[in-house]
Amino acid sequence: MSDRRPYVRPMPRDWWARRPFRHYTIRELSGVTIAIYAAVLLSGLVALLQGPAAWEIWRGWLASPASLVLHAVLLVAMIWHLRTWFQILPKTMPKLVVGGSPVPQRLITLIGTSVAIVCSTALVAFVLWRPF
Amino acid sequence: MTERADKTIELSVLRYNPETDEKPHHQSFTVPYTRDMSVLQGLQWIKDTVDGSLTFRWSCRMAICGSCGMMINGEPKLACHTLLRDLAPGPVTVEPLAHFPIERDLVVTVDDFVKKIESVTPWLIPKHPKPVSEGPYNQTPAQLEAYENFSACINCMLCYAACPQYGENPKFVGPAAMAILQRYNGDSRDDGSALRIDAVHGEDGVWGCTAVGACSDVCPKAVDPMHAVNQNKMNTALDYFLRFLKKRDAK
C-alpha cells in the first residue's frame, strides 16, 4: 500500500500584488489608460453631436483641475505602458535572425521605443504648429 | 571542503512528512558555510550531520541536470547554482517548487509536468525519413540559430514554479512544454508541427498565458519560454483561420 499523500498548497489570492508579479500587474493596469482616454474622447464626440452648448461644457470640463489631474495621471500611465509594452515586444514576435545571428531583444526594444517617441513627438509638433 | 567553515547561516526549510504531518511546517537549521558552498551543499550538510530524514532531489551539482530546483527566499532557483554567501546574513527560506504537490519535504510530484512534455511530441519527425547510410540531415548555422536556445531546456521546472497562470490552472500547458515544442517546430529538419498544434490550441493551451514573463526571468539556461509561448499564439491563430482554407491530414 502506498503511503503517498501529496500536499497541494493553495495559490495565494493576492499573488498579483506580490513581488515579482507586482510589476506585471502595474503594466496591465496601465493599459486601462487607453480605454479611459478613449472614453474621454468619445464623450467629446457625443458633446459635439449635442451642439455648441454641450461642446463648451465639455471643453470647460477639460480645463477643470480634476480633468488636468486625470490627464496627468493618464499621461504617466501611458508612458509607463509604452515603456513596458516595448520591453515585452521582442518576446511576442517571431525570432529575428539576421545574417545567421539573432537580433538582440534589447535592440528590438530600443528601436520600437525610439520609433514611438519620434512619431509621438512629430504628432505633438504637428498639432502645436497647426500648419493647416 | 578544504576551507574552514567559520561562518554560519540559518536555513528555514519547509518540512512535510506524509506519514505524520497534516500539513507542511518550517524547521530551522544553523549551517556552517564556506565561500564556495551552495544551498544544495548546505542541505547535504544538514542531511549528513543533523537530520538524515531531510528529503530533496539532486544529481549533477553543476546546474545541468535540473534536479535540485526549489524556492529559495521565495524565488525558483537551482540549489546547486545558488551560493550561501550571496544569501548572507540570512535567514534563508528553502521550500519545494511552488505550484507542484509536495511528496515529502523538498520533493514535488512531477507527473503532470512529464505528461505535458510528452504531449508535445518532443522528438524530430522528418518529412522523408532516410536510413543512416544516406548520411545526416544537414543544417546551416542560421537554421540552428532559429531554435538553439530552446534546445537548452533542462526540464528543471523553475518556469512552472514562476508561472502564476500554471498556479491558477494546473491544466495550462505551461512554459517549458512550449519551449520544447518550439525547439522541434523551429528545427528545419522537422515536419511534425501539425502533430503538435493540438497541444497549443484551446483554453489550456498557449492562450492561458497572459505574458507575465516570470518564466523567462527565472530560467537558469536563458531558454526564454515566454518567447516560445507567444510565438505559438501566432501559430495557433494562423492555424485557426487557415484551417478553413487548407486540407488537414486525416488522423
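Predicted model, so just to flag it, every value in this text is computed and none were measured. Just so it is clear: chains get the letters A, B, ... in the order the sequence lines come, proteins before strands, and each one is counted from 1.
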Quiz item: Does CZ belonging to B:Arg189 count more than 12 external heavy atoms closer than 6.0 Å?
Solution: yes

Exercise. Name the option with the most non-hydrogen atom pairs under 4.5 Å to chain A; the candidates are B:Val212, B:Asn230, B:Val107.
Key: B:Val212

Practice problem: Select one option (side chain, backbone, both, neither) describing which atoms of B:Asp21 are under 4.5 Å from chain A's heavy atoms. | Solution: backbone

Quiz item: Do the two ring centres, one from A:Trp58 and one from A:Trp61, sit under 6.0 Å apart?
Solution: no

Exercise. Would you mind checking which part of B:Ala162 comes under 4.5 Å of any heavy atom in chain A, side chain (CB onward), backbone (N, CA, C, O), both or neither?
Key: backbone

Quiz item: Which one, B:Asn149, B:Leu144, B:Asp224, leads in non-hydrogen pairs under 4.5 Å with chain A?
Solution: B:Asp224

Quiz item: Is the number of heavy atoms from other residues, nucleotides or ligands within 6.0 Å of NE2 (A:His23) greater than 12?
Solution: yes

Quiz item: How about A:His71 and A:Tyr37: are their ring centres within less than 6.0 Å of each other?
Solution: yes

Quiz item: What about B:His99 and A:Trp15, are their ring centers closer than 6.0 Å?
Solution: no

Exercise. Tell me, yes or no, whether the heavy-atom count around B:Lys171 atom NZ, taken from other residues, nucleotides or ligands under 6.0 Å, exceeds 12.
Key: no

Quiz item: Between A:Pro12 and chain B, which part of the residue has a heavy atom less than 4.5 Å away: side chain, backbone, both or neither?
Solution: neither

Quiz item: Looking at B:Met234, B:Glu168, B:Gln182, which has the largest count of heavy-atom pairs under 4.5 Å with chain A?
Solution: B:Glu168

Quiz item: Which answer fits B:Ala211, side chain, backbone, both or neither, if we ask what part of it has an atom under 4.5 Å from a heavy atom of chain A?
Solution: both

Quiz item: Using non-hydrogen atoms only, which part of B:Lys233 is less than 4.5 Å away from chain A: side chain, backbone, both, or neither?
Solution: neither

Quiz item: Non-hydrogen atoms of chain B under 4.5 Å away: do they reach the side chain of A:Arg27, the backbone, both or neither?
Solution: side chain

Quiz item: Picking from B:Thr210, B:Val229, B:Asp217, which has the most non-hydrogen pairs under 4.5 angstrom with chain A?
Solution: B:Thr210

Self-check item: Face-on cation placement of B:Lys116 at B:Tyr166 ring, 6.0 Å and 45° thresholds
Solution: no

Quiz item: Is it the backbone or the side chain of A:Thr25 that comes under 4.5 Å from a heavy atom of chain B, or both, or neither?
Solution: neither

Exercise. Select one option (side chain, backbone, both, neither) describing which atoms of A:Tyr7 are under 4.5 Å from chain B's heavy atoms.
Key: both

Quiz item: Considering residues, nucleotides and ligands other than B:Tyr240, do more than 12 of their heavy atoms fall under 6.0 Å from its OH?
Solution: no

